[in-house]
Amino acid sequence: MKLTEERLIEIIKEEMEANSAPTIAQTTDYIISTLESLFDSLTEDLNEIEIIEEKAGSIPDKALQWIWWGPRAKKAQAKVNKIKLNIAAIEFAADSADNPDAKKKLQTKAKQSKEQSSSLQTMVNDKYGAKGEITKKYLASEKIKGQLEVIKKTTGMTDDPNKSSALKDQMKSLNKKLKSEDDALKSLEPGAEEIETAAAEIKKKKGILFLLVSMK
């Protein structure tokens, strides 16, 4: 199936809306630009973690994982997911490009982006994987959601019934795995009193962090 500009826009529509992107027609240049922004944003987030740990200390407490590290792991992984989705769009654009030069440019960009995406995924895994079981559950759940989103998009882009069927089977398996991860995460939810104490600690640490960073 030839990937038209309209189809490209549909692929990244959710990302465009989430980032309040313009509603005017967008091309692969927009996708590439979006990728660069996501790379920069995620890199900044990961660097910020280092600042927090350096200035305020690591906080892998159960309740703090639930309300602080877990949600941040989810946010970081969501950015990786968006990156992968946009890379998939570039790959389809490359497959559909009639111009040899344009095809080569898109293929090169997709390859470079994949390498960068892999590096950032490793960083996310390393940064948050050491923050406890709850944080890892947040991360695992969001990874599965990302895989499902890519499959949803690619399923609608293939004319091969066998490939489409295999992708749908993969989605079923991933949905089952997602439910298992979400159930496991829910079972780890701390009590209200623990969460209240954790929230107070976060407020205190953020205040200390603000003062220390402002003194740099």
Side-chain angles (χ1 to χ4, degrees), residues 14-15 17-20 37-86 116-152 170-216:
E14 293 180 4
E15 286 70 24
E17 291 176 347
N19 291 287
S20 300
S37 296
L38 286 167
F39 284 138
D40 292 342
S41 177
L42 182 53
T43 300
E44 287 178 7
D45 289 347
L46 293 172
N47 288 336
E48 184 182 59
I49 294 174
E50 294 181 355
I51 294 173
I52 291 173
E53 291 178 340
E54 177 185 353
K55 301 298 182 182
S58 180
I59 49 174
D61 176 84
K62 181 180 177 181
L64 287 168
Q65 287 181 55
W66 185 267
I67 65 174
W68 179 264
W69 291 109
R72 276 151 186 76
K74 179 179 178 179
K75 179 182 176 182
Q77 185 59 47
K79 289 185 179 181
V80 176
N81 292 347
K82 287 183 180 181
I83 287 170
K84 292 178 178 178
L85 189 60
N86 281 303
Q116 196 167 359
S117 172
S118 177
S119 177
L120 286 171
Q121 181 68 78
T122 298
M123 288 176 68
V124 169
N125 293 343
D126 291 344
K127 295 287 185 182
Y128 291 105
K131 298 302 178 187
E133 191 62 26
I134 290 176
T135 304
K136 286 192 287 186
K137 290 295 181 184
Y138 268 98
L139 191 60
S141 178
E142 198 62 26
K143 281 182 182 178
I144 297 172
K145 290 176 184 177
Q147 290 175 286
L148 284 167
E149 191 62 25
V150 170
I151 292 174
K152 286 178 185 178
Q170 190 177 352
M171 281 183 66
K172 289 181 181 179
S173 176
L174 286 170
N175 274 312
K176 184 177 180 181
K177 187 175 180 180
L178 177 60
K179 185 179 185 306
S180 177
E181 290 290 350
D182 286 344
D183 288 345
L185 177 59
K186 187 176 180 180
S187 71
L188 295 172
E189 182 176 2
E193 187 174 341
E194 291 178 276
I195 291 177
E196 185 178 345
T197 300
E201 184 174 346
I202 287 174
K203 185 177 181 180
K204 178 182 177 182
K205 286 183 177 292
K206 287 177 72 176
I208 294 172
L209 176 61
F210 174 79
L211 288 174
L212 289 172
V213 171
S214 65
M215 292 169 62
K216 290 180 64 177

How long is the span from the [atom1] atom in [X] to the [atom2] atom in [Y], to the nearest 0.5 Å?
{"X": "Leu188", "Y": "Trp66", "atom1": "CG", "atom2": "CH2", "result": "7.5 Å"}
{"X": "Glu193", "Y": "Thr197", "atom1": "CD", "atom2": "OG1", "result": "5.5 Å"}
{"X": "Gln121", "Y": "Ile83", "atom1": "CD", "atom2": "CD1", "result": "9.0 Å"}
{"X": "Thr135", "Y": "Gln65", "atom1": "OG1", "atom2": "CD", "result": "4.0 Å"}
{"X": "Lys62", "Y": "Ile67", "atom1": "NZ", "atom2": "CD1", "result": "13.0 Å"}
{"X": "Ile195", "Y": "Leu64", "atom1": "CD1", "atom2": "CG", "result": "10.5 Å"}

Looking at every heavy atom in both Ala63 and Pro190, which two are closest together, and how far apart are they?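 Shortest heavy-atom separation between Ala63 and Pro190 comes out as CA-CG, 3.9 Å.
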Heavy-atom closest contact (Ala73 atom, Leu139 atom, distance):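 Shortest heavy-atom contact: O-CD1, 3.7 Å.
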Quick one: side chain to side chain donor-acceptor pair (under 3.5 Å) pairs with a partner in residues 139-148, sequence neighbours left out? Asn125-Lys143, Ser141-Asp182
Could you tell me if the side chain of Leu85 sits less than 4.5 Å from the side chain of Asn81, heavy atoms only?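 The answer is no; the side chains never approach within 4.5 Å.
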Going by heavy atoms in the side chains, are Lys131 and Arg72 under 4.5 Å from each other? no
Mind checking what makes salt bridge (charged side-chain N to carboxylate O under 4.0 Å, His left out) contact with Lys79, not counting sequence neighbours? Asp45
Salt bridge (charged side-chain N to carboxylate O under 4.0 Å, His left out) partners for Lys74, two or more places apart: none
Can you list the residues that meet the side chain to side chain donor-acceptor pair (under 3.5 Å) rule with Glu181, with sequence neighbours excluded?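 For Glu181, the residues satisfying side chain to side chain donor-acceptor pair (under 3.5 Å) (neighbours in sequence not counted) are Lys137.
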Just do the side-chain contact (heavy atoms from CB on, under 4.5 Å) check on Met123 and Leu120 with the steps written out, would you? CA-CA 5 Å; Met123 288 176 68; Leu120 286 171; 4.2 Å; yes
Between Glu133 and Lys136, does any NZ, NE, NH1 or NH2 come within less than 4.0 Å of an OD or OE carboxylate oxygen?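 Answer for the salt bridge query: yes.
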Qualifying salt bridge (charged side-chain N to carboxylate O under 4.0 Å, His left out) pairs, either residue in residues 171-180, two or more places apart: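 Counting only pairs at least two positions apart or across chains, the salt bridge (charged side-chain N to carboxylate O under 4.0 Å, His left out) contacts touching residues 171-180 are Lys179-Asp183.
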Which residues pass the side-chain contact (heavy atoms from CB on, under 4.5 Å) test with Gln170, sequence neighbours left out?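 With neighbours one apart ignored, the set is Ile151, Leu167, Leu174.
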If you count every heavy atom of other residues, nucleotides or ligands that lies below 6.0 Å from Glu196 atom CD, does the total exceed 12? no
